[in-house]
Amino acid sequence: MKLRFAAGALLLLAGTVASAAANDSLRFNPDSFTRGSLTMPDGSNVPYKAYEGIFYVTNVEDSTYQTLNIYVPETLANIPRVPILLRTYVGGYAASTAKTPSPADATGRALSEGYVVCIPGSRGSNSTIERNGATVYTGMAPNGLLDLKAAVRYLRYNDALIPGDSELIFTDGTSAGGAMSSLLGATANARDYESDLKKMGAADATDNVFAAICYCPITDLNHADMEYEWLYGCTNTGVRNLSEAQIAISNELAAECPAYINSLGLTMKDGTPLTADNYKDYLKGFLLESAHRALQEGCVIPDTIGFTFYQDKSGPMGGGPGGGPGRGMRPGGKDFKPAGDGRQAPSFGPGNAPRFNKTSDFVTALDLDRYLSYVASVTPLKTPPAFDQMGVLIDTPSPENNVFGNEKGEAANFTDFSLQHRLHNPSAKLNKEMVRHVEVMNPMNFIGTGKSTVAPNWYIRHGAKDRDTSFLVPVNLATKLQNDGKNVDFALPWNRPHSGDYNLDDLFRWIKATLPR
């Protein structure tokens, strides 16, 4: 028995040594840096230390992408706990290398504020390696997300060595990167990812984050097609000008959406259930709020795109239907007065539209169908299905079809609807592996379920003329988070197209207000 015990102890010791050796390779070296500086738009210079090309897993499959860069300003913010901005540059669910800070986005602004910046690379739909003489695609879902989770774990594992507080990680991304930011915020520490992270050799740490910054997140992919058609179906025979076959697909998809909306069990701020019957009025509230703030900022809004205005002729302090000078209505029926200066809010320009007094004029109503026709006239809408399009009416895969593909680079359907239409088989179903991949790539499946550590703070923006996905996607995400008790700052910024890291004054004002005091 003693011999068996001794043998077991030796095996345990060997395992511990091996584990320690693996962990040591993920130890951050605070002395290994180069110096650089960033010139900001105002001409100021921000010097920093750069720690670049750091592998954040021990079992590196793709050395081109599985690295991160860390930038530490020479002068850290004079606050008790310095946050870390983790910025992903994922777009179109493609691979992204670890990049350097930019004065034009949140990375440069964060450095100028004295915050630490981490920019990880990650695999995506187009990342490949050569293995045994064959080209292997490495970035099929959820590998890109796993990489970003591993990067978070690296920061948390090295909290004592990396300047900044890993308990205050703010993730930031736009479009598919916004989706990744939402997934990092919603899925932390979920068991669904654990075995894959261990196989990758991720650091032995948690992957929860303090806040998720999500610009126009292209997410909820398995419902995005029906949400798109339910919203934009009003334009099918007008500005969108779809064919009969496209209209038939659009109508089929739209018919599935009400049941999905109702299944979410969402409520408005006053506790009223949010259903397909009152959803469009709820959405109009956010658009009215956006237009009202634009008026206060001096933007010119034509009266030809669906809005109805009230102009007070009695003077700057005249009353109005919004409940007082310069006030409009917030979704849920509460008065709203915009906060912050919202710099860079785009306008239509002078045109021939009437000008408004920002202290006394109001946006009072919206013809939603007319407004959606305006959005569709600015940038052509996607044809149905907008996301899982492969094999339905065209053979060309979308970026989303590609990311749900396989190691051979073969794209795949990720909804039963599109699979059934491609195979001309109404009983066709996704296989179990695909169902799992779709499940773990949708933040809506984790919020409020207790399966993960959901970030307590959220900043979500989707432009008021952004048609890359339906308004329902960010509205549902924000509403579900609010229903789950999270601190959510959500808006549809006026006249914004598909873009991110804008109105940085607003963003960093929110960051500062969110930090622990």
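Residues in residues 88-99 take part in no salt bridge (charged side-chain N to carboxylate O under 4.0 Å, His left out) pair, two or more places apart or across chains. Every pair passing salt bridge (charged side-chain N to carboxylate O under 4.0 Å, His left out) that includes a residue from residues 454-476 is listed here, sequence neighbours excluded: Arg461-Asp489.
Listed by chain and residue number, Lys149, Arg153 satisfy the salt bridge (charged side-chain N to carboxylate O under 4.0 Å, His left out) test with Asp207 (two or more places apart in sequence, or in another chain). Partners of Asn69 under the side chain to side chain contact (heavy atoms under 4.5 Å, CB included) rule, at least two apart in sequence or in another chain, are Glu52, Tyr71, Ala98. Among residues two or more places apart in sequence or in another chain, the salt bridge (charged side-chain N to carboxylate O under 4.0 Å, His left out) test is passed with Asp147 by Arg123. Scored by the side chain to side chain contact (heavy atoms under 4.5 Å, CB included) test, Ser263 finds Tyr260 as partners (sequence neighbours excluded). For Thr479, the side chain to side chain contact (heavy atoms under 4.5 Å, CB included) test picks out Leu266, Leu274, Tyr282, Val475, Asn483, with sequence neighbours left out. For Tyr215, the ring-ring contact (aromatic ring centres under 6.0 Å, His included) partners at least two apart in sequence or on another chain are Tyr502. Residues satisfying the side chain to side chain contact (heavy atoms under 4.5 Å, CB included) criterion with Thr64, sequence neighbours excluded, are Asp62, Thr97. Every residue two or more places apart in sequence or in another chain that forms a salt bridge (charged side-chain N to carboxylate O under 4.0 Å, His left out) with Glu229 is listed here: Arg240. Checked against salt bridge (charged side-chain N to carboxylate O under 4.0 Å, His left out), Arg35 has the following partners two or more places apart in sequence or in another chain: Glu74.
Interatomic distance, Thr39 OG1 to Asn45 CG, rounded to the nearest 0.5 Å: 4.5 Å. Here the CG atom belonging to Leu38 is positioned 7.0 Å from the OG atom belonging to Ser102, to the nearest 0.5 angstrom. For the atom pair CG (Leu155) and CZ (Phe28), the distance works out to 9.5 Å, reported to the nearest 0.5 Å. Atom OH of Tyr93 sits about 9.5 Å away from atom CG of Leu145, to the nearest 0.5 Å. Expressed to the nearest 0.5 Å, how far CG of Asn208 lies from OG of Ser452 amounts to 10.0 Å. Atoms OG and CZ, on Ser398 and Phe387 in that order, are 8.5 Å from each other to the nearest 0.5 Å.
Within the 4.5 Å cutoff, the side chain of Trp510 has heavy atoms near those of the Asn457 side chain. Side-chain contact check for Tyr48 versus Phe33: every heavy-atom pair is 4.5 Å or farther apart. At a threshold of 4.5 Å between non-hydrogen side-chain atoms, the residues Val46 and Glu113 do not count as touching. Counting only heavy atoms from C-beta outward, the side chains of Leu148 and Val152 never approach each other to under 4.5 Å. Proximity of Asn487 to Pro456: side-chain heavy atoms (C-beta onward) are nowhere separated by under 4.5 Å. Annotation: side chain of Trp494 is in contact with side chain of Cys299 (closest heavy-atom distance under 4.5 Å). In this structure, the side chains of Val239 and Tyr374 stay at 4.5 Å or more apart for every pair of heavy atoms. Pro385 is listed as a side-chain neighbour of Leu253, based on a closest heavy-atom distance under 4.5 Å.
A donor and an acceptor atom, one from each side chain of Gln389 and Asp225, are nowhere located under 3.5 Å apart. In this model, a donor atom of one side chain and an acceptor atom of the other lie less than 3.5 Å apart for Asn222 and Asn442. Counting only N and O atoms by type, the side chains of Asn189 and Thr453 include a donor and acceptor under 3.5 Å apart.
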Going through the checks in order, is the side chain to side chain contact (heavy atoms under 4.5 Å, CB included) test met by Thr171 and Ile213?
CA-CA 6 Å; Thr171 65; Ile213 301 163; 5.8 Å; no
Give the C-alpha distance, both sets of side-chain angles, the deciding distance and a yes or no for salt bridge (charged side-chain N to carboxylate O under 4.0 Å, His left out) between Arg109 and Asp505.
CA-CA 9 Å; Arg109 177 63 177 268; Asp505 287 350; 3.1 Å; yes
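For the pair Ser44 (side chain) and Met40 (backbone), a donor-acceptor distance under 3.5 Å is absent. Under the 3.5 Å distance criterion, the side-chain polar atoms of Tyr193 are matched with a main-chain donor or acceptor of Val440. Under the 3.5 Å distance criterion, the side-chain polar atoms of Asn278 are matched with a main-chain donor or acceptor of Thr275. At least one donor-acceptor pair closer than 3.5 Å links the side chain of Asp367 to the backbone N or O of Arg370. Side-chain N or O atoms of Asp388 include one that pairs as donor or acceptor with a backbone N or O of Phe414 at under 3.5 Å. Between the side chain of Ser96 and the backbone N or O of Ser122, no donor-acceptor pair lies under 3.5 Å. In this structure a side-chain-to-backbone donor-acceptor pair under 3.5 Å is missing from Asp484 to Lys486. Listed for the Asn402 side chain is no donor-acceptor partner under 3.5 Å among the backbone atoms of Ser125. Using modelled atom types, one side-chain atom of Thr187 and one backbone atom of Leu183 make a donor-acceptor pair closer than 3.5 Å.
Tested against Cys214 for a side-chain contact (heavy atoms from CB on, under 4.5 Å), the candidates Pro474, Ser181, Pro443 yield a single pass: Ser181.
Of all non-hydrogen atoms in Pro163 and Val116, the two that sit nearest each other are O-CG2, 3.2 Å. The two residues Leu184 and Val209 make their nearest non-hydrogen contact at O-CG2, 3.9 Å. Counting all heavy atoms, side chain and backbone alike, Ile301 lies closest to Ala294 at CD1-CB, 4.2 Å. A pairwise comparison of heavy atoms in Lys284 and Leu366 identifies CD-O, 3.3 Å as the closest pair. The shortest non-hydrogen separation linking Tyr115 to Pro73 is O-CD, 3.2 Å. Between Pro516 and Phe210 the shortest heavy-atom distance is CD-CZ, 4.1 Å.
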Under 3.5 Å donor-acceptor pairs involving side-chain atoms of residues 78-91, not counting sequence neighbours:
unit_1, atom_1, unit_2, atom_2, d
Arg81, NE, Asp165, OD2, 2.6
Arg81, NH2, Asp165, OD2, 3.1
Arg87, NE, Asp172, OD2, 3.3
Arg87, NE, Asp501, OD2, 3.2
Arg87, NH2, Asp501, OD2, 3.3
Thr88, OG1, Val90, N, 3.2
Tyr89, OH, Asp105, OD2, 2.6

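Between Phe307 and Tyr371, the ring-plane angle classifies as perpendicular under the 30° and 60° cut-offs.
Salt-bridge check for Asp506 with Arg293: passed, with a basic side-chain N closer than 4.0 Å to an acidic carboxylate O.
Phe490 and Phe286 have their aromatic ring centers within a separation under 6.0 angstrom. You'll find the ring centres of Tyr56 and Tyr154 outside the 6.0 Å limit.
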